[in-house]
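Report on the following structure.
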Amino acid sequence: MKVLIIGSGGREHALVSKVAENNSVEKVYCAPGNGGSIRENKCENINITKIDELLSFALENRIDITIVGSEELLVQGIVDKFKKNGLKILGPSQKAARLEGSKAYSKEFMKKYGIKTAAYEVFENEIKALEYLKKCEYPIVIKADGLAAGKGVVICNDFIEAKSSINDFMILDIFKGSGKKIVIEEFLEGVEASILSITDGKTILPFISSKDHKQIFDGDMGPNTGGMGVIAPNPYCNKKVLEEFEKYILQPTLVGIQEEAMDYRGIIFFGIMITSKGVYSLEYNVRFGDPETQAVLPLMKSDFVELVISAIEGNLESFDLQWKSGYSCCVIAASKGYPVSYNTGFEISEQDKLEGKLFIAGAKEEDGVLKTSGGRVLGITGIGETLDIAKEIAYTDMKKIKFEGMYYRTDIGK
Ligand code: AMP
Ligand code: GLY
């Protein structure tokens, strides 16, 4: 088999490495890939990113399976295009991708199918939004309707902050159209969990749970990032939480997918909040999480490629998804200044042999030298019988890596 992975982050490096474990896979292409995917067994990076180029490449090279990393192409309808051309691809149809592509739509979907979620209102007019914000309780959450590269959610502590966000989103239009429509939502207090899952439209198979650390600084301080580290399984996801999630979120979501005739054979990633009033659905993502993937996939015991084929062919109901025992901890190293502004082009050196698995994100190879090229530069995943062992491996390895301005949180999984 030949497999195409689309994307360039740590998530895609992890996908390449997992797919390559399957003996029937002879070649993995990563488009565009990064300085880590290129070093993986069987993998070749292909410097293309547009849907039409990817489609031509897949047809010309007789790609057997395509897996899409990031949400943009899914929302643009890459799955529909590939399928129309007879290609097998893991992902939601364009219609289903709206579950992530429009927050207003996903909230409406949750309401329609009785999925427990924070109370909300949708606004397209800034004057009406401000009138509403004058009367509501704080803190409150303001969300851009469309995709905003993970930056479209602001938690406002008072009216002044809310007014400033309305100005940014709706008047200054900092998200280039994505924030013209907004969702204003009740603030939920609790512990978050990420539950990656796979669906064929008839069954949703949840993966082991995980816990992202979104803020840039230790103690969950500072602005949100794409994710600074993940542990799996999530220690807060006990049996009761998982049962509640299954009954009040997963099952009704599946009903909604079917009732809306969505044609969904792909990843569905539930963001949930565990509160004193029960488990709430925060959001859907229609793709793998980053860095959740780097922590969760290494614990998968079943063959990942077989799982993907089973989802594409609609046979998930009979798939026996197995996990390794133990824990994983993925710590992300970022460029100094991320998530705001940062410099790149610094050489990355590995001073000693690592025990964990290195997943490259924002780094590329130039003349055989690995150099930083993005905000989140790399991650290291430690695996162990206990969470403490997994953390110890990831953090001991981190000290063996050096680049100028290297920054990482020291409390992942604490
Ligand atoms: P979302 O993209 O909707 O998951 O939002 C991004 C992040 O904002 C989440 O991971 C939470 O940390 C936070 N967030 C979103 N909605 C809420 C809410 N209703 N209450 C508290 N925090 C939230
Ligand atoms: N780490 C959060 C996400 O991928 O959306």
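Indexing begins at 1, ligand by ligand and atom by atom, following the structure's order.
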Query raised in the report: Below 4.0 Å from any atom of ligand 2, is there a heavy atom belonging to Phe269?
Result: yes
Report summary line: Among non-hydrogen protein atoms, atom 20 (N) of ligand 1 lies closest to Leu188 N, 2.8 Å
**Report entry** Backbone or side-chain N or O of Glu292 under 3.5 Å from ligand 2 N or O
**Finding:** yes
Report summary line: Minimal heavy-atom distance between Tyr138 and Leu133, with the atoms involved, is OH-O, 2.7 Å
Report summary line: At under 4.0 Å between heavy atoms, what of Glu189 touches ligand 1? The answer is neither
Report summary line: The atoms of ligand 2 lying under 4.0 Å from a heavy atom of Gly289, numbered in the order shown, are 4 (O)
Report task. Mark up the atoms of ligand 1 that fall under 4.0 Å of a heavy atom belonging to Glu185, in ascending order. Result -> 16 (N), 17 (C), 18 (C), 19 (N)
Query - Flag if over 12 foreign heavy atoms under 6.0 Å of NZ, Lys151 - result: no
**Report entry** Gap between atom NZ of Lys357 and atom OG1 of Thr381 - 0.5 Å precision
**Finding:** 9.5 Å
Query raised in the report: According to the interplanar angle, ranging from 0 to 90°, do the rings of Tyr29 and Phe57 count as parallel (below 30°), tilted (30 to 60°) or perpendicular (above 60°)?
Result: perpendicular
Query raised in the report: Could you walk me through whether Lys247 and Glu243 pass the salt bridge (charged side-chain N to carboxylate O under 4.0 Å, His left out) check?
Result: CA-CA 6 Å; Lys247 188 165 171 198; Glu243 277 170 8; over 6 Å; no
Report task. Just say parallel, tilted or perpendicular for the rings of Phe123 and Tyr132, cut-offs at 30° and 60°. Result -> tilted
Query raised in the report: Which atoms of ligand 1 sit under 4.0 Å from any heavy atom of Glu192?
Result: 9 (C), 10 (O), 11 (C), 12 (O)
**Report entry** Residue portion contacting ligand 1 (non-hydrogen atoms closer than 4.0 Å) for Val141
**Finding:** side chain
Query - Any side-chain donor near an acceptor of the partner, Asp218 and Thr410, under 3.5 Å - result: yes
Report task. Output the list of atoms in ligand 1 that are nearer than 4.0 Å to some heavy atom of Met273, sorted by atom number. Result -> 21 (C), 22 (N)
Query - Geometric class of the Phe270/Phe245 ring pair [parallel <30°, tilted 30-60°, perpendicular >60°] - result: perpendicular
Requested in this report: Identify, by atom number and element, the atoms of ligand 1 in contact range of Phe187, meaning under 4.0 Å from any of its heavy atoms.
Outcome: 20 (N), 21 (C)
Report task. Give the residue and atom name of whichever protein heavy atom lies nearest to atom 23 (C) of ligand 1, and the separation in Å to one decimal. Result -> Leu282 CD2, 4.1 Å
Report summary line: The complete set of side-chain hydrogen bond (donor to acceptor under 3.5 Å, both in side chains) pairs with one or both residues in residues 321-347, sequence neighbours excluded, reads Asp320-Gln322
Query raised in the report: Does an N or O from Gly226, backbone or side chain, lie closer than 3.5 Å to an N or O of ligand 2?
Result: yes
Query - Which of the ligand 1 atoms, numbered from 1, are nearer than 4.0 Å to a heavy atom of Lys103 - result: 1 (P), 2 (O), 3 (O)
Requested in this report: Tell me, please, which residues at least two apart from Lys391 pass salt bridge (charged side-chain N to carboxylate O under 4.0 Å, His left out).
Outcome: Asp388
Report task. Answer yes or no for Gly227: is there a heavy-atom contact with ligand 2 below 4.0 Å? Result -> no
Requested in this report: Please say whether Glu283 places an N or O atom under 3.5 Å from an N or O atom belonging to ligand 2.
Outcome: no
Report task. May I ask you to list the atoms of ligand 1 that are less than 4.0 angstrom from any heavy atom of Lys214? Result -> 10 (O)
Query raised in the report: Can you find an N/O atom of Asp212 closer than 3.5 Å to an N/O atom of ligand 2?
Result: yes
Report task. Can you pull out the closest protein heavy atom to atom 7 (C) of ligand 1? Residue, atom name and distance to 0.1 Å, please. Result -> Asn224 ND2, 4.1 Å
Query raised in the report: Arg287: heavy atom below 4.0 Å from ligand 2, yes or no?
Result: yes
Query raised in the report: Any side-chain donor-acceptor pair under 3.5 Å between Tyr236 and Ser209?
Result: no
Report summary line: Exactly one of Glu185, Glu121, Glu283 clears salt bridge (Lys or Arg N to Asp or Glu O under 4.0 Å) with Lys143, and that residue is Glu185
Query raised in the report: Taking the six-membered ring for Trp, is the centroid-to-centroid distance between Tyr284 and Phe269 below 6.0 Å?
Result: no
Query raised in the report: Can you tell me which residue and heavy atom of the protein come closest to atom 16 (N) of ligand 1, and the distance to 0.1 Å?
Result: Lys143 NZ, 3.0 Å
Query raised in the report: Hey, does Val153 come in under 3.5 Å of ligand 1, counting only N/O atoms on both sides?
Result: no
